[in-house]
Number of protein chains: 2
Amino acid sequence: MSNKQALKQYDIKKYRTPDGYTSDICVFTIISEKNEAYKPPTMDLKIMLIKRAGLDSEGNMNIEANKWAIPGGFVQDDETGFQAAKRELEEETNISGIHIKQFGVYDKPGRDPRGWIISNAHYAIVPDTYLSLRKAQDDAADIELFSIKDVLKLDLAFDHEQIIGDAIQVITNDLLQTTVAKNFLPENFTYSELQAVLRTVTDDPAILSDQSFSRKIKSLPFIQEVQGKTTTRTSKRATKLYTFIEMDILKPIYTARY
Amino acid sequence: MSNKQALKQYDIKKYRTPDGYTSDICVFTIISEKNEAYKPPTMDLKIMLIKRAGLDSEGNMNIEANKWAIPGGFVQDDETGFQAAKRELEEETNISGIHIKQFGVYDKPGRDPRGWIISNAHYAIVPDTYLSLRKAQDDAADIELFSIKDVLKLDLAFDHEQIIGDAIQVITNDLLQTTVAKNFLPENFTYSELQAVLRTVTDDPAILSDQSFSRKIKSLPFIQEVQGKTTTRTSKRATKLYTFIEMDILKPIYTARY
DNA sequence: TTTTTAATTAACAAATTGTTTATTGTTAAT
DNA sequence: ATTAACAATAAACAATTTGTTAATTAAAAA
């Protein structure tokens, strides 16, 4: 093999190179649907899409015109795909410290009719406050939030149906198996606020039950009760606040209960 | 944004394109260290590396010569990175149906001195039988298996230290949170064989304890007892055999015990 | 003052786990 | 033939955690 390997490794010119390298971002947000006073919120997980213009900048018919797509752009040769995602999103939203995670590469030949273009896909979590603002201020009819329950029914550009489907699966997993939920919550949150975030992606009865969840939250090693502070955001009665502790959690499926 | 977006999306020529797109593979295997008769095995998780040649095919000094590296090669324009990984590995090993999973993209500017080369990284699980054979038959001094405990101490080519470190973390997670362990085991396996696989990546006392693990395995929904078949591979006494059932498992960290 | 409601505690049966001790069935040694 | 050794696993039981239902608390609203 070492010969074959050597050839492969060094004869760059023999191989066609890609026509483009893009970074695409599935922007997720959670909006509180009912936000009445003294009530725990009801939340829905949404993804932001842009509507592709009918005509391009030179007035010609656009590729995949009028379809919904995830935002993205070309990666520059002095940055990583991750940095490109971060740059584009922070330029766009004027928010820094956005949670972004790379989750997949999309490189199927023919996926983009314009050439051999490799997409590095990310998901991001953006506070709903920004996105509502953004939409109002811009009157941008070409931006919309879609519930993850509906989004896959749309007519989506390129292979974005695949990408979005994967993104939804990845964020669902991450919400349940990491502490990424903290990016949807204030620094200090009540048990019912965390519960509302998790309900957007699970029906687990142990999470749905108020009694079980409010008891369980006290014994989770990655969540700490905030001493001496309460809120009445979700209830007339003062409610305890919790905060996430930074740590890795790895619970084997072999030791869980079923 | 729709204007800026439009520009980015359509003006392909404005952007430099990558000089190469490669598919790299971290090949893992588990070797049974002590394989005495009637004893449960002791296993070690290993990664296969190749030693880069000192000179290239034209007799010139090689880049990153004599360093250890993960195998890989250029992706062709009619295949995906995943297919390239599969193709290379199956060509190489003559085994089909190898478990391969994409886990990361490595695209940091300067990571490869030969140009802007994007690496799509995968891990694969290959039976130890092949790799031992391969090594003996070829007398290939340029191929070696390294324990995951030692491999990061080596002098590794390019950014392969990063890639291998990530691969180890990903396979550790997958071994504990998915049923990927089945790729290291025969179709029907004993509790102590599964236990030995898991021990290569965890110290969890509930997995280490024979009594607990042999009791627990009976109640796991993704494992089924094989009726009417036993083995004496691991014990003088006939031992029950189990098999994995295909299913997704998603256990929230919020419902686990700590 | 009473009603309403979210948060929380209480209480208890049911299920699971940690742990220790015994049993089983075989091989290998005496 | 007997016994020692040993992996597998069953038995037993206390400790812990869960599911579930009921009760309590505190503040707004009627």
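Chain identifiers are assigned alphabetically (A, B, ...) following the order of the sequence lines, protein sequences preceding nucleic acid strands; residue numbering begins at 1 within each chain. Please read all numbers here as calculations on a predicted model, not as lab measurements.
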Any side-chain heavy-atom pair from [X] and [Y] closer than 4.5 angstrom?
{"X": "B:L145", "Y": "B:D128", "result": "no"}
{"X": "A:Y123", "Y": "A:D174", "result": "yes"}
{"X": "A:L49", "Y": "A:V151", "result": "yes"}

Answer with yes or no whether the side chains of A:Y130 and A:N94 bring together a donor and an acceptor at under 3.5 Å.
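Result is no, nothing qualifies.
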Going by distance alone, is a donor N or O of one side chain under 3.5 Å from an acceptor N or O of the other, for B:Y106 and B:D24?
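Result is no, nothing qualifies.
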Which whole-number value in Å describes the distance from [X] [atom1] to [N] [atom2]?
{"X": "B:R257", "N": "D:dG19", "atom1": "CZ", "atom2": "C1'", "answer": "13 Å"}
{"X": "A:Y191", "N": "C:dT9", "atom1": "OH", "atom2": "C1'", "answer": "12 Å"}
{"X": "A:L241", "N": "C:dA6", "atom1": "CG", "atom2": "P", "answer": "18 Å"}
{"X": "B:K240", "N": "D:dA8", "atom1": "NZ", "atom2": "P", "answer": "12 Å"}
{"X": "A:Q195", "N": "C:dT8", "atom1": "CD", "atom2": "C1'", "answer": "13 Å"}
{"X": "B:E36", "N": "D:dA7", "atom1": "CD", "atom2": "C1'", "answer": "13 Å"}

Proximity to DNA chain C (any heavy atom under 4.0 Å), residues of residues 200-223 of chain B only:
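Heavy-atom contacts with DNA chain C come from B:Q211, B:S212, B:R215, B:K216.
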Heavy-atom contacts under 4.0 Å between residues 230-238 of chain B and DNA chain C, which residues?
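Here the set is B:K236, B:R237.
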Stem list, DNA chain C (Watson-Crick or G-U pairing under 3.5 Å, at least 3 consecutive pairs):
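Paired runs of 3+ in DNA chain C: C:1-30 with D:1-30.
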Using only side-chain N and O atoms of B:S192, determine if any of them is under 4.0 Å from OP1 or OP2 of D:dA8.
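Checking B:S192 against D:dA8: at least one side-chain N or O falls below 4.0 Å of OP1 or OP2.
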So, is B:K39 near the phosphate of D:dC6, with a side-chain N or O under 4.0 Å from OP1 or OP2?
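So the side-chain polar atoms of B:K39 never come under 4.0 Å of the phosphate oxygens OP1 or OP2 of D:dC6.
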A:A37 or B:A256: which one's nearest nucleotide on DNA chain D is closer to the 5' end?
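Upstream on the strand: B:A256.
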side-chain contact (heavy atoms from CB on, under 4.5 Å) partner of A:P127, the single match among A:I95, A:T29, A:T93, A:I31:
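Single pass found, and it is A:I95.
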Check for a donor-acceptor pair, side chain of B:K216 on one end and backbone N or O of A:A256 on the other, with a separation under 3.5 Å.
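Confirmed, B:K216 side chain pairs with A:A256 backbone.
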For residues 181-194 of chain B, which residue pairs qualify under salt bridge (charged side-chain N to carboxylate O under 4.0 Å, His left out), counting only residues two or more places apart or in two chains?
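Every pair satisfying salt bridge (charged side-chain N to carboxylate O under 4.0 Å, His left out) with a residue in residues 181-194 of chain B: B:K182-B:E246, B:E193-B:R233.
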Under the rule for side-chain contact (heavy atoms from CB on, under 4.5 Å), what residues qualify as partners of A:D44, not counting sequence neighbours?
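By the side-chain contact (heavy atoms from CB on, under 4.5 Å) rule, A:D44 matches A:E33, A:K46, A:S147, A:K149.
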Any ring pair (Phe, Tyr, Trp, His ring centres under 6.0 Å) involving residues 233-256 of chain A? Give me the pairs, sequence neighbours left out, ordered by first then second residue.
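Found A:F189-A:F244, A:Y254-B:F222.
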For B:S212 and B:A206, which heavy atoms make the closest approach, and how far apart are they?
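Smallest interatomic distance, heavy atoms only, reads CB-O, 3.9 Å.
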